[in-house]
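Have a look at the structure below, then the notes.
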Amino acid sequence: LWPPLPPVLPTAQKAELLRRMDEAEVSKCRKCRLCASRSNTVFGEGDPDALILFVGEGPGETEDQTGRPFVGKAGALLDRMIAGMGLRREQVYIANVVKCRPPGNRAPLDDEVRACTPYLVRQIETVRPRVIVTLGLPAARFIIGGVATMSGVRGRWHAWRGIRVMPTYHPAYVLRSYTREVRETVWSDLKQVMAEVGLKPPPRRED
Ligand code: URA
């Protein structure tokens with residue numbers, strides 16, 4: 001189905017490819033209806049050599065206003081998840097299934113996902129992370145395919161073109177269901193990711 005992954009590029013070339021894709025394509029994209037209601041496209045950001053690439057669903061209101069991924073309430077929790085892994089946001093890469101905000105924060109429609117995800121695929125091909133962490137169902141569905149429920153896939157390793165994939169809950173869901181059980185579930189998923197990339201678990205978890 002997929003061709004083999006292209007060769008890994010030097011950091012500066014990765015950064016340039018990503019910058020050009022954003023500037024020349026994504027920021028001007030009109031491939032689906034979401035372009036009509038967006039304020040800004042949200043390309044994604046982070047270390048072009050990141051070991052871990054997070055895939056969210058799509059921009060919310062704050063992201064649409066700022067043009068940056070995960071900068072609202074869900075973003076604050078994602079920042080804490082990243083910090084809990086002993087990393088800074090600049091050390092990972094953060095992208096979304098769709099680059100424009102769906103009106104009223106509805107889930108992206110199938111045709112919107114089809115139109116937009118070639119950008120995400122090129123981001124992943126360029127960054128070449130060791131692990132992809134999908135946040136929530138739309139990201140898991142696109143990366144793994146044929147996903148029915150989050151409970152059916154989260155916490156177990158999957159693969160996308162040879163890259164290890166760990167699905168977990170979306171931080172917005174964690175905020176809506178803020179129980180110890182849900183938080184510990186996400187943390188156990190992230191600990192598997194840390195082990196995979198050789199990060200030592202911190203002595204104590206930050207809630
Ligand atoms: N939720 C997402 O899925 N992505 C963002 O960038 C922000 C919130």
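Source: prediction; values computed, not measured. Whatever order the structure lists them in is the order used to number ligands and atoms, beginning at 1. Positions are given from 1, in the same order as the sequence printed here.
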D22 and S27: side chain donor to acceptor below 3.5 Å: no

So do P69 and E45 actually touch side chain to side chain, heavy atoms under 4.5 Å? yes

Is the backbone of L120 close enough, under 3.5 Å, to the side chain of T117 for a donor and an acceptor to pair up by distance? no

More than 12 heavy atoms of other groups within 6.0 Å of R106 CZ: yes

I need the contact residues for ligand 1: any residue with a non-hydrogen atom closer than 4.0 Å to the ligand, ordered by chain then number. G56, E57, G58, E63, P69, F70, N96, H170

Can you tell me which residue pairs pass the ring pair (Phe, Tyr, Trp, His ring centres under 6.0 Å) test with a partner in residues 107-159, sequence neighbours excluded? none

Would you please say whether a donor-acceptor pair under 3.5 Å links the side chains of Q123 and K14? no

